[in-house]
Student: 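So that we are looking at the same thing, I have put the structure below in structure tokens.
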Amino acid sequence: MTPFHQLLNSSRGFTLIELLISVTILTVVTGIFGAAMFQVLSIQRFWIDDVKAVREVRHAGSWFSGDALNATNVLDAGGSDRLTCTPSPSVHQISLTWTDKSGTDKNVVYSVTGDELLREFFTGGASNGTPLVMATRVVSNSVTFTLCNDILRLTMNVLADRGTTNALDLLTYMRKLS
């Protein structure tokens with residue numbers, strides 16, 4: 001058996017070619033790994049944007065249903081005419097009204113401003129503060145409100161990432177409609 005220091009003295013270093021080949025292989029492997037990580041992060045971002053759009057649509061639908069169940073009247077943007085069965089993309093605002101058990105008048109106004117669906121709540125004719133943003137990235141002219149017999153319908157589309165949209169088509173039976 002040869003002593004350790006003789007083994008070290010007899011060993012050679014790397015040649016320049018061997019070093020260049022190993023650096024090239026390391027660079028290719030790192031590039032492949034980096035591209036895969038970039039792809040994973042991009043897919044995750046698209047997925048998160050899609051989940052956010054779905055959550056906004058559900059949130060808006062939940063509030064709208066709750067208000068519609070209390071409403072005794074549904075008026076158009078001018079606050080004078082009751083909605084009809086015919087969807088009109090020009091109606092960008094509706095008003096749901098009711099009187100609570102204590103006799104206080106309540107009014108909720110849903111409106112589309114830019115790419116946002118807003119909800120403003122009034123008690124006794126006075127606003128309760130800033131309108132609540134129910135959904136963002138609403139597709140222009142996709143929001144329609146219709147009232148057919150005792151069924152109030154809200155339809156809208158919300159943009160997700162990659163040009164896809166999430167749709168809401170909500171039918172609510174208005175049990176207190178007068």
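Computed from heavy atoms alone, side chains included, the values below leave out hydrogens, waters and symmetry copies. What you are looking at is a predicted structure, and each value in this text was computed from that prediction instead of being measured.
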Student: What I'd like to find out is whether the side chain of L69 reaches to under 4.5 Å of the side chain of D67, using heavy atoms alone.
Tutor: no
Student: Check whether T15 reaches the backbone of E18 with its side chain - one donor and one acceptor, N or O, closer than 3.5 Å.
Tutor: yes
Student: Only counting residues at least two apart or in another chain, list the ones meeting side chain to side chain donor-acceptor pair (under 3.5 Å) with W63.
Tutor: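 By the side chain to side chain donor-acceptor pair (under 3.5 Å) rule, W63 matches H59.
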Student: If we check side chain to side chain contact (heavy atoms under 4.5 Å, CB included) with T27, which of these qualifies: T24, V23, I25?
Tutor: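 When side chain to side chain contact (heavy atoms under 4.5 Å, CB included) is applied between T27 and each of T24, V23, I25, only V23 qualifies.
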Student: CG/D105 to OG1/T99 distance, rounded to the nearest 0.5 angstrom?
Tutor: 4.5 Å
Student: With a 4.5 Å heavy-atom cut-off, do L159 and V139 have their side chains touching?
Tutor: yes
Student: Quick check for you: to the nearest 0.5 Å, what is the distance between Y110 atom OH and I94 atom CD1?
Tutor: 8.0 Å
Student: List the atom of L96, the atom of A68, and the distance in Å for their closest heavy-atom pair.
Tutor: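 Of all heavy-atom pairs spanning L96 and A68, the closest is CD1-N, 4.0 Å.
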Student: Counting N and O atoms only, with roles assigned by atom type, does the side chain of Q93 sit under 3.5 Å from a partner on the main chain of V112, one being a donor and the other an acceptor?
Tutor: no
Student: In Å and rounded to the nearest 0.5 Å, what is the OG to CD distance from S111 to E116?
Tutor: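 Separation between the atoms: 9.5 Å.
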Student: From S22 OG over to I17 CD1, what is the distance, rounded to the nearest 0.5 angstrom?
Tutor: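 Taking OG in S22 and CD1 in I17, the distance rounds to 11.0 Å.
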Student: Side chains of residues 30-41: which donor-acceptor partners sit under 3.5 Å, not counting sequence neighbours?
Tutor:
from: T30; atom 1: OG1; to: L26; atom 2: O; distance (Å): 2.8

Student: Does R58 offer a backbone N or O that forms a donor-acceptor pair with the side chain of S62 under 3.5 Å?
Tutor: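 Here the side-chain-to-backbone pair does not exist.
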Student: Kindly determine whether L147 and M174 satisfy side-chain contact (heavy atoms from CB on, under 4.5 Å), including the steps that lead there.
Tutor: CA-CA 9 Å; L147 178 64; M174 301 195 51; 3.9 Å; yes
Student: So, for L170 and G61, which heavy atoms are closest and what is the spacing to 0.1 Å?
Tutor: CD2-O, 3.4 Å
Student: Calculate, to the nearest 0.5 Å, the distance between atoms CZ and CG belonging to F145 and L75 respectively.
Tutor: 13.0 Å
Student: Regarding E120 and S127, do their side chains bring together a donor and an acceptor under 3.5 Å, going by distance alone?
Tutor: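 Result is yes, a qualifying pair exists.
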Student: Residues two or more places apart in sequence or in another chain: which of them pass side chain to side chain donor-acceptor pair (under 3.5 Å) with N107?
Tutor: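 N107 satisfies side chain to side chain donor-acceptor pair (under 3.5 Å) with S95 only.
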Student: Partners of N70 by side chain to side chain donor-acceptor pair (under 3.5 Å), sequence neighbours excluded?
Tutor: none
Student: With the side chain counted from C-beta on, respond yes when V138 and V143 share a heavy-atom pair under 4.5 Å apart, and no when they do not.
Tutor: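 Heavy-atom side-chain distance check passes, below 4.5 Å.
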Student: So F64 and L152, side-chain contact (heavy atoms from CB on, under 4.5 Å) or not? Walk me through it.
Tutor: CA-CA 10 Å; F64 188 78; L152 180 62; 3.4 Å; yes
Student: Given side-chain contact (heavy atoms from CB on, under 4.5 Å), test F122 with V109 step by step and report yes or no.
Tutor: CA-CA 8 Å; F122 297 87; V109 176; 3.7 Å; yes
Student: With sequence neighbours left out, what residues match T104 under side chain to side chain donor-acceptor pair (under 3.5 Å)?
Tutor: S102
Student: Give a yes or no on whether L19 and I21 share a hydrophobic cluster (residues Ile, Leu, Val, Met, Phe, Trp, Tyr; joining criterion: side-chain heavy atoms under 4.5 Å apart).
Tutor: no
Student: M134 versus L118: any side-chain heavy-atom pair under 4.5 Å?
Tutor: no
Student: How would you list all residue pairs meeting disulfide bond (SG atoms under 2.5 Å apart) that involve residues 116-160, not counting sequence neighbours?
Tutor: C85-C148
Student: Check whether the side chains of T155 and D169 place a donor and an acceptor atom closer than 3.5 Å, and report yes or no.
Tutor: no
Student: Report the distance from atom OG1 of T136 to atom CG of D115, rounding to the nearest 0.5 Å.
Tutor: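 One finds 6.5 Å between OG1 of T136 and CG of D115.
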Student: So, are D100 and K106 salt-bridged, with charged N and O less than 4.0 Å apart?
Tutor: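 Looking at D100 and K106, the cut-off is met.
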Student: Taking the side chain as every heavy atom from C-beta outward, state whether L168 and L154 have any pair of such atoms under 4.5 Å apart.
Tutor: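 SC-SC contact between L168 and L154 confirmed.
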